[in-house]
Structures are given as structure tokens and as C-alpha cells.
Undergrad: 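Quick one: structure below, then a few questions.
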Amino acid sequence: HEESAKYFDRSEELLNYYDYRNKGVDSVGSTVVNENLIPYVGQEYDGVMVNTYKALDFMALGKDDLARVEFNRALDRQRRAKEKFAEEINKLQREIEQEDSKNKSQVRQNVENPQIDALLSQEYPSLYEFEAYPDFVNPFTTYIAGVYFNLVGDYAKAADLLKESYGMVQNNRYIAEDFAVTEKALNGQQKLQDTVWVIFENGLGPIKEELRIDLPLFIATNKVKYVGIALPKLSFREQAYPHLLVRAGADTYLTQTVADMDRVVQTEFKQDFKGILTRAIISATAKAVAQYALEDQGNSGGSMASIFVAVYSFATTAADVRIWTTLPKDFQVARLTIPADRSITVAPPGGTPFVVEIPDCKNAVVYIRIPFREAVPVCDLITY
């Protein structure tokens with residue numbers, strides 16, 4: 001856990017570096033070549049999960065003060081995400097205006113071309129077919145932070161976070177139980193004790209693949225030999241299991257979904273996509289204008305140069321498919337009373353059951369990671 005926290009510290013340093021440096025110069029390179037020229041600056045959900053994992057590391061190490069800092073950072077990242085995306089939209093509009101003045105209004109015509117939207121809907125019909133989470137919030141981060149603040153006795157903050165979690169995931173009875181118990185603790189009626197949470201990191205989250213599209217640009221004539229763009233497309237992977245069965249004494253519990261990471265990634269990807277598409281169109285327009293200008297010279301030298309530009313355009317048309325590939329497909333939870341024999345059995349459906357012994361403690365978190373079916377589960381135990 002200490003080594004893990006060090007690597008996540010380094011990751012966060014890089015995220016913060018790219019978050020605060022001036023990105024204006026870098027974006028020019030993406031329109032001249034492609035998005036891969038820009039260093040990977042991370043997504044908002046990347047930063048949220050870095051801080052969430054660091055907080056879990058510190059919980060496991062018994063360093064609650066440091067865990068509190070990381071949860072607060074993760075929650076603050078979620079709060080600032082909406083403001084950051086508003087700034088990105090304004091920055092994108094300025095880029096369009098600047099490029100539009102260079103290429104005689106052709107950029108704006110292409111960006112607003114309804115044929116491109118129609119073509120995109122045909123090639124990528126699932127782009128917007130999902131239910132977004134509100135305001136770029138990751139329900140798992142909100143929920144596990146609520147559990148943590150409950151464990152350390154900050155019932156007011158825990159109640160707010162668990163209420164927010166339940167508002168997003170109303171069909172999860174365990175979150176409802178957590179919120180109800182926390183409300184009682186807040187009113188001095190009942191303190192949290194003898195509880196175990198089984199957290200299940202299930203499967204693998206989405207990856208990105210390249211989608212290449214030939215564009216109907218306004219500059220396009222028979223003198224332009226290649227006009228195309230490459231866009232990232234989300235590809236979804238499988239759960240390891242639909243749930244885990246948790247047996248405690250005579251009782252059996254099924255884990256329930258807290259957060260669907262596919263939806264978390266999709267929510268932000270949808271917001272980013274307009275900018276990705278616009279910069280790809282700006283780049284394609286500039287390359288097409290260069291081809292047309294050279295071909296229009298009417299001599300063999302210009303024609304040969306135009307061919308080289310066409311080859312360059314094709315070679316440099318590539319989508320940025322970088323993404324954090326080891327995030328889970330979803331997070332699930334089961335909440336139960338620690339049994340008298342302090343032993344629980346976790347059974348993946350159709351998989352091999354395993355036993356977790358709960359040591360002498362007031363409360364415990366059993367944290368299980370299974371990236372794919374039949375993988376050996378990784379299990380951590382955090383006690384309070």
C-alpha cells in the first residue's frame with residue numbers, strides 16, 4: 001500500500017502539472033498533426049480515481065488523516081469538473097474563430113456541417129445512448145468517502161455524501177441502510193459497529209478504438225486527394241461476474257452496483273467529444289486547403305507536392321486512444337453484520353468460493369478485485 005500510494009502520488013503530480021500549465025500551445029500541434037502529439041493530460045475521472053485509490057491505501061495503512069485529505073481532494077475534483085468543462089467550451093470557441101479567420105470561413109462551415117453529424121450518427125450510433133451521471137460525479141467515490149467519514153465519526157459529512165450517493169443509486173439497499181444508520185448516529189441514537197462492507201471491483205472498464213471517417217468538407221473537390229478524420233470510439237469490456245454471493249452464518253447477501261464506470265467514462269467522453277471532433281475537422285480542413293492550393297497551381301510540381309500533402313494527411317490522421325485501461329467495469333457493495341464466528345464466505349457465481357476471516361475489530365471493509373472470470377481474486381482487509 002505504501003508503494004502504491006507513492007506511484008499514485010507521482011501520477012497526481014503529472015496530472016496537476018498538465019492541469020495548470022498553458023495548454024494553448026499544445027492544442028496547435030493537435031490541429032497540425034493529431035491529438036497524439038499532445039502529452040496525455042488525464043481525464044477528470046482519472047484524477048478522482050487516483051485520489052480515491054490513495055485514500056483506500058491510507059485507510060489500509062491506518063493513516064486516517066491522510067485518507068481524509070485524499071477523499072477531500074477527490075470530492076473537490078468532482079466539484080471543479082463542471083467549471084473546467086465550461087472553460088474548455090469557451091476555449092474551443094476561440095480556437096474555431098482563430099482557425100476560421102485563417103481559412104476563409106471554411107472551418108466554421110465544416111464544424112457546423114449537418115452532413116458530418118449525420119455521418120457520425122451512422123458510424124457511431126451508441127455515442128449518446130447512455131444515462132449520464134450528474135455533473136461528472138463518480139458515485140463510488142462519493143459512496144466510499146461517505147463510508148470512511150462514518151467510520152471516523154464525522155457523521156454530518158458522511159450523511160451528506162451518503163444522501164448524495166443514494167440519490168444517484170436509489171435501487172441499492174445497502175446505500176439506503178448506510179444512510180439510515182448514519183442519520184441515527186448523527187442524532188446520537190446509534191453508533192456504527194459490527195459492520196462489514198464487501199467492496200467488489202468487477203471486470204474491466206472501457207478502452208478506446210480508432211474510428212476513421214471520410215469527411216464531406218466544403219473544400220472538398222476532385223483536386224483534393226484525401227480528406228478524412230480519425231476519432232476515438234469507446235469499446236466496452238465484460239464484467240467478471242454479475243455479482244458476488246456473500247455468506248455470513250445462515251444469511252446470504254448479493255453485491256449490488258454502486259457505480260458503473262462505463263457510465264462515468266461515457267459521461268466525460270461525451271463532453272470531450274465535441275472538442276475532439278472540432279479539432280479533427282480543423283486539422284482536416286487545413287490539410288485539405290493545402291492540397292487544394294498546391295494542386296490549383298496547375299503544374300507538375302504543384303501536383304506532386306499535393307500528392308505528398310495527401311500522403312502526409314493520411315499518415316498523420318490518427319485518433320488518440322490513450323485511456324486508463326485497468327479501471328473496473330463497475331463497483332459493487334454488500335453490507336452486513338459481522339457474524340458471530342467472524343467468518344464470511346465469498347462466492348463468485350460459478351467460481352471458486354473463498355473464506356475471509358474478520359479479526360477482532362469494530363468494523364471492517366473487505367475489498368475484492370476480480371478483473372475477469374476465473375481470475376484469482378485479490379482481497380484486502382481494512383479494519384476499524
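Any value given below was found using the heavy atoms of this structure, including those in side chains, with hydrogens, waters and symmetry copies removed.
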Undergrad: Should the pair K233 and Y124 be classed as cation-pi, given the thresholds of under 6.0 Å to the six-membered ring centre and 45° from the axis?
TA: yes
Undergrad: May I ask you to test the P377-T352 pair for a side-chain heavy-atom distance under 4.5 Å?
TA: no
Undergrad: Can you give me the closest heavy-atom contact between P328 and R369, atom names plus distance?
TA: CB-NH1, 3.5 Å
Undergrad: Under the side chain to side chain donor-acceptor pair (under 3.5 Å) definition, can you give me all pairs with a residue in residues 171-187, not counting sequence neighbours?
TA: Y143-D178, N150-T182, R173-E177, D178-W197, D178-R335
Undergrad: State, to 0.1 Å, how close C361 and I338 come at their nearest heavy-atom pair, and which atoms those are.
TA: O-CD1, 4.5 Å
Undergrad: Fit a plane to each ring of F71 and Y148, take the angle between them on a 0 to 90° scale, and name the class: parallel (under 30°), tilted (30 to 60°) or perpendicular (over 60°).
TA: tilted
Undergrad: Going by atom types alone, do T52 and T141 pair a side-chain donor with an acceptor below 3.5 Å?
TA: yes
Undergrad: Would you call K362 and D194 a salt bridge, using N to O less than 4.0 angstrom?
TA: no
Undergrad: Minimum heavy-atom separation for L254 to A334, with atom names?
TA: O-CB, 4.3 Å
Undergrad: Are a donor atom and an acceptor atom from the side chains of N138 and Q78 found within less than 3.5 Å of each other?
TA: no
Undergrad: Going through the checks in order, is the side-chain hydrogen bond (donor to acceptor under 3.5 Å, both in side chains) test met by Q193 and N363?
TA: CA-CA 6 Å; Q193 60 183 11; N363 302 286; over 6 Å; no
Undergrad: Of all heavy-atom pairs between W324 and T326, which one has the smallest distance, and what is that distance?
TA: NE1-OG1, 2.9 Å
Undergrad: E12: what forms a salt bridge (Lys or Arg N to Asp or Glu O under 4.0 Å) with it, not counting sequence neighbours?
TA: K54, R73, R77
Undergrad: Flag the pair R68 and D154 as a salt bridge only when some basic side-chain nitrogen lies within less than 4.0 angstrom of an acidic carboxylate oxygen.
TA: yes
Undergrad: For residues V333 and V198, determine if any side-chain heavy atom of one lies less than 4.5 Å from a side-chain heavy atom of the other.
TA: no
Undergrad: With the side chain counted from C-beta on, respond yes when V365 and L56 share a heavy-atom pair under 4.5 Å apart, and no when they do not.
TA: no
Undergrad: Within the structure provided, determine whether I344 and L336 are in side-chain contact (heavy-atom separation under 4.5 Å).
TA: yes
Undergrad: Who are the salt bridge (Lys or Arg N to Asp or Glu O under 4.0 Å) partners of D46, not counting sequence neighbours?
TA: none
Undergrad: Tell me if a side-chain donor or acceptor on T345 pairs with a main-chain N or O of V355 at a distance below 3.5 Å.
TA: no
Undergrad: Is the backbone of Y241 close enough, under 3.5 Å, to the side chain of N202 for a donor and an acceptor to pair up by distance?
TA: yes
Undergrad: For the residue pair S343 and I358, establish whether any side-chain heavy-atom pair is separated by less than 4.5 Å.
TA: no
Undergrad: Side-chain donor-acceptor contacts of residues 204-211 below 3.5 Å, not counting sequence neighbours, with atom names and distances?
TA:
residue, atom, partner, partner atom, Å
E209, OE2, S235, OG, 3.4
E210, OE1, R212, NH1, 3.3
E210, OE2, A319, N, 2.8

Undergrad: With sequence neighbours left out, what residues match R237 under salt bridge (Lys or Arg N to Asp or Glu O under 4.0 Å)?
TA: none
Undergrad: Could you go through the side-chain hydrogen bond (donor to acceptor under 3.5 Å, both in side chains) check for E70 and N72 one step at a time?
TA: CA-CA 5 Å; E70 297 303 331; N72 285 335; over 6 Å; no
Undergrad: Taking all heavy atoms of F58 and all of A67, pick out the closest pair and write down the distance.
TA: CB-N, 3.7 Å
Undergrad: For the residue pair I370 and A240, what are the closest heavy atoms and their distance?
TA: O-CB, 3.3 Å
Undergrad: Do L75 and L161 make a side-chain contact, defined as non-hydrogen atoms from C-beta onward lying under 4.5 Å apart?
TA: yes
Undergrad: May I ask you to check if R322 and Y40 form a cation-pi contact, with NZ or CZ under 6.0 angstrom from the six-membered ring centre and within 45° of the axis?
TA: no
Undergrad: Does some side-chain heavy atom of V48 sit less than 4.5 Å from a side-chain heavy atom of F136?
TA: no
Undergrad: Find out whether E123 and I213 are in side-chain contact, i.e. whether some heavy atom of one side chain is under 4.5 Å from a heavy atom of the other.
TA: yes
Undergrad: Which pairs with one or both residues in residues 361-383 pass ring-ring contact (aromatic ring centres under 6.0 Å, His included), sequence neighbours excluded?
TA: none
Undergrad: Show your working on salt bridge (charged side-chain N to carboxylate O under 4.0 Å, His left out) between D76 and R80 and close with a plain yes or no.
TA: CA-CA 6 Å; D76 188 56; R80 290 188 288 112; 3.0 Å; yes
